[in-house]
> 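Please see the structure below; I have some questions.
In this text the structure is predicted, and so the values were computed from the model without any measurement. Per chain, numbering begins at 1; letters A, B, ... match sequence-line order. Just so it is clear, the values below take in all heavy atoms, side chains as well, and ignore hydrogens, waters and symmetry mates.
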There are 4 protein chains.
Amino acid sequence: MNRNRPKFKQILDAAVVVIAEHGYHSSQVSKIAKQAGVADGTIYLYFKNKEDILISLFQEKMGQFIERIQEDIQKEETASEKLFFLIQRHITFLSEDQHLAAVTQLELRQTNRDIRNQINEVLKGYLQIIDEILESGIESGEFQEELDARLARQMIFGTIDEVVTTWVMNEYKYDITELIPKVHKLLLHGCKR
Amino acid sequence: MNRNRPKFKQILDAAVVVIAEHGYHSSQVSKIAKQAGVADGTIYLYFKNKEDILISLFQEKMGQFIERIQEDIQKEETASEKLFFLIQRHITFLSEDQHLAAVTQLELRQTNRDIRNQINEVLKGYLQIIDEILESGIESGEFQEELDARLARQMIFGTIDEVVTTWVMNEYKYDITELIPKVHKLLLHGCKR
Amino acid sequence: MNRNRPKFKQILDAAVVVIAEHGYHSSQVSKIAKQAGVADGTIYLYFKNKEDILISLFQEKMGQFIERIQEDIQKEETASEKLFFLIQRHITFLSEDQHLAAVTQLELRQTNRDIRNQINEVLKGYLQIIDEILESGIESGEFQEELDARLARQMIFGTIDEVVTTWVMNEYKYDITELIPKVHKLLLHGCKR
Amino acid sequence: MNRNRPKFKQILDAAVVVIAEHGYHSSQVSKIAKQAGVADGTIYLYFKNKEDILISLFQEKMGQFIERIQEDIQKEETASEKLFFLIQRHITFLSEDQHLAAVTQLELRQTNRDIRNQINEVLKGYLQIIDEILESGIESGEFQEELDARLARQMIFGTIDEVVTTWVMNEYKYDITELIPKVHKLLLHGCKR
DNA sequence: CATGAATGAGTATTCATTCAT
DNA sequence: AATGAATGAATACTCATTCAT
């Protein structure tokens, strides 16, 4: 089950395409295998079961995305800039891969609680970044002192998530990256003094 | 398929309990029928198919909830008060029926796009209420003139939804109604001048 | 279960129409009831079960047809005339009611062995008429002395049945009554000296 | 869906046995699978659905039977001999496999029109053979010049079919092969000058 | 006699997973 | 490592029949 062998990524990429195209419930293992160019049984050399494909998919795609943000966000100075950076990266990342966006915003949610719990584990890293932005903002005086960090975090994540989901459900018919400064302004206004 | 006969509501109530308890994918029609105290076949005298139970469930429970808000919110004067009223009703409504909360926040989303689209139709009424609050606030000068109504709406809905979902995923272990004033303050701050 | 009450015939007529139109397997009791203008439950005041509708249908429609032939055929003198009379009546009767023809030739055969056995009981009367024609023909010297009555009977019935079935399967697109003299000539030729 | 793999024939043979024994409507897929010694799901690797089993059954069993007749009948010289050959082969073939006879004469007819139409496609080859016999007989002067080929074909097929069906419905209680010369004589008499 | 709401037994089909090759 | 044929559990839905009114 080595994650570094080429077929591991090959299967995950196939899964994104198939699920985005046919929806989660019509994405049989055999369909993913065919798209990946491997035999059905080969899937099980790399993944414990079908759910594991989904979880690995999220871990792999979002995990590295989160890691890179964590590194790069250090370079931003003010909390406002950090918030802008987060929103920009998040929206830009998904705008560049509409298949992945459809999978994360719509299809991945059609799963049972177990999978969603594991997905939330991955998301924790992302939520921590938000928390760090909020802390730094409160500390520096940019944000309201009495800001409830947990609520503010839910507002930030909930808003960005809703913005992306709406874009996907509207079938990408407008340029979501144009919304980045507006979302930033809106959320910043909600946090700052 | 008369929605006024007692068994219609009886089956919907049973569906809420069963789905909340076992999750959507483990909620067989026969399980719902048993919980409702009717025969399996009786379900199909009131619902076209299993999906129709879910859609009707949302239409019935959320539909009347939205209608009542639409009426009562007129009594509130300022946009700030209207916003508070909306948040309070939304959170209170779901805090009073944890089964229903689990269904709307988690289980109902484990469905295919067709169902989601029908659910979104019901939600449109709710989003309109938010839009009206925003308009009245902008008009009265309470809110920023340059506020992007669509984005602000997504922020408000996205935040409340995320707050409730987080509460459900944490298994109701804190009193969510205590968050009402905080959520109000946060969102108001994001909108006002 | 009185066969003389008007609803008895009303239901049978409805059954012929519904079965001819939708085929046997799509002819639910409720559909027949609706066509007959009675409640589903009313069917069971006149018929033991669904199979009984079919059997009664055949008994009623074919039974009286056979009886009338039995009476009228006496008037014919020679075996050849009798045979002509039989063929003419059989083909004319079904050509006048295409719905009934579709039911007897196609739909009624899509049933299980029990029903077919009961149908065969009704047919025995018909086969007896054939036997009587054959006997009189052999006796009078019109037909071959060594004719195997059972086989000849199967030939006569099998041929007429096949002729009518072919006509129904070709959707009545030619005038079957024109075939009467030809069929008579063919079968007569097979039997006579 | 390869018709040459051994399980294909294995399943068809099992289907003949099960359907002959229990009747078409009591022959569940699982029953056929069990008889064939395969899992239920395996059926669907070889057949599109349950109906496809029936259609394939007829195509396979009757198709090759018809093909062989087509080849061998060339060796017969006179139309009378060809007719004898056809009757002999037809009756002998079904007399040797009573299960198959029950299926073709009784059970296969308990199906809907779609299946019947597909079965008729297979039968067309058989009817062509009859037509060729009739043509050669008319040409050689053995048969009546004015013979209506379509009617004569219906007589020949209808008679043989009725003879076999009667034998099956009488539960094989007499030796049907003894009827071969009699049927031949009867039908020949009907056709010849 | 007549109704029609309620019943509940019965079954074809899918598809994740395995394992002999 | 890779294959893909074989497995078999699991379930929504229909419709003939009943029976309280």
Side-chain angles (χ1 to χ4, degrees), chain A residues 1-2 5-8 11 25-34 36-53, chain B residues 1-2 5-8 11 25-34 36-53, chain C residues 1-2 5-8 11 25-34 36-53, chain D residues 1-2 5-8 11 25-34 36-53:
Chain A
M1 295 224 202
N2 190 331
R5 280 183 293 167
K7 282 192 181 164
F8 181 81
I11 292 166
H25 287 297
S26 300
S27 295
Q28 296 83 348
V29 170
S30 62
K31 213 180 253 172
I32 295 172
K34 197 175 179 185
V38 300
D40 294 15
T42 306
I43 299 270
Y44 291 86
L45 297 173
Y46 295 90
F47 301 93
K48 221 169 59 244
N49 51 36
K50 191 184 176 184
E51 291 191 353
D52 191 34
I53 302 177
Chain B
M1 297 229 200
N2 190 334
R5 281 185 286 171
K7 282 193 180 160
F8 181 80
I11 292 166
H25 287 297
S26 301
S27 295
Q28 296 85 345
V29 171
S30 62
K31 214 180 254 173
I32 295 172
K34 198 173 179 184
V38 300
D40 292 16
T42 305
I43 301 270
Y44 293 88
L45 296 176
Y46 294 89
F47 302 92
K48 225 172 50 248
N49 50 37
K50 192 183 172 184
E51 289 191 354
D52 191 34
I53 302 178
Chain C
M1 295 228 202
N2 189 331
R5 280 182 296 166
K7 282 192 181 163
F8 181 80
I11 291 166
H25 287 298
S26 299
S27 295
Q28 296 83 350
V29 171
S30 62
K31 211 178 255 173
I32 295 171
K34 199 174 177 184
V38 301
D40 294 15
T42 305
I43 300 271
Y44 291 86
L45 297 174
Y46 294 88
F47 301 93
K48 220 169 61 245
N49 50 35
K50 191 183 174 183
E51 291 191 353
D52 191 34
I53 301 177
Chain D
M1 295 227 200
N2 190 333
R5 281 185 286 171
K7 284 193 179 161
F8 181 80
I11 292 165
H25 288 297
S26 300
S27 294
Q28 295 85 347
V29 171
S30 61
K31 213 178 255 172
I32 294 172
K34 199 173 179 184
V38 301
D40 293 16
T42 305
I43 300 270
Y44 292 87
L45 296 176
Y46 295 89
F47 302 93
K48 225 171 51 248
N49 50 38
K50 192 182 173 184
E51 289 191 353
D52 192 34
I53 302 177

> In whole angstrom, give the distance that lies between atom CZ of C:F47 and atom P of E:dA2.
13 Å

> What closest approach, in Å, do D:T42 and D:K7 show between heavy atoms, and which atom pair accounts for it?
CG2-CD, 4.3 Å

> Quick check: closest heavy atoms across A:F47 and A:I11, and the distance to 0.1 Å?
CE1-CG2, 3.5 Å

> Let me have a per-nucleotide readout for nucleotides 13-21 of chain F, 5' to 3', with B, S or -, counting only protein heavy atoms under 4.0 Å.
BBSSBB---

> Roughly how far, to the nearest 0.5 Å, is the CD1 atom of C:I53 from the OH atom of C:Y44?
6.5 Å

> Starting from P on F:dA1, measure out to CZ on A:F8 and report it in whole angstrom.
14 Å

> Working to the nearest 0.5 angstrom, can you tell me the gap between B:H25 NE2 and A:H25 NE2?
4.0 Å

> Rounded to the nearest 0.5 Å, how far does CD1 of D:I32 lie from CD1 of D:I43?
6.0 Å

> So what's the dot-bracket for DNA chain F: Watson-Crick or G-U pairs under 3.5 Å, [ ] if a pair crosses, | if it pairs off-strand?
.||||||||||||||||||||

> Please state how far atom CD1 in C:I32 lies from atom C1' in E:dT3, giving the value in whole angstrom units.
18 Å

> With sequence neighbours left out, write down each residue that passes side chain to side chain contact (heavy atoms under 4.5 Å, CB included) with B:K50, or none if nothing qualifies.
B:Y24, B:V29

> In whole angstroms, how far is the P atom of F:dT11 from the NZ atom of B:K31?
8 Å

> Could you tell me how far apart D:K7 (NZ) and F:dG4 (P) are, to the nearest whole angstrom?
16 Å

> With the side chain of B:R5 defined as its heavy atoms from C-beta on, choose the nearest nucleotide among F:dG4, E:dT7, E:dA5.
E:dA5

> Counting only side-chain heavy atoms from C-beta out, which of F:dA1, F:dA6, E:dA2 sits nearest to D:L45?
F:dA6

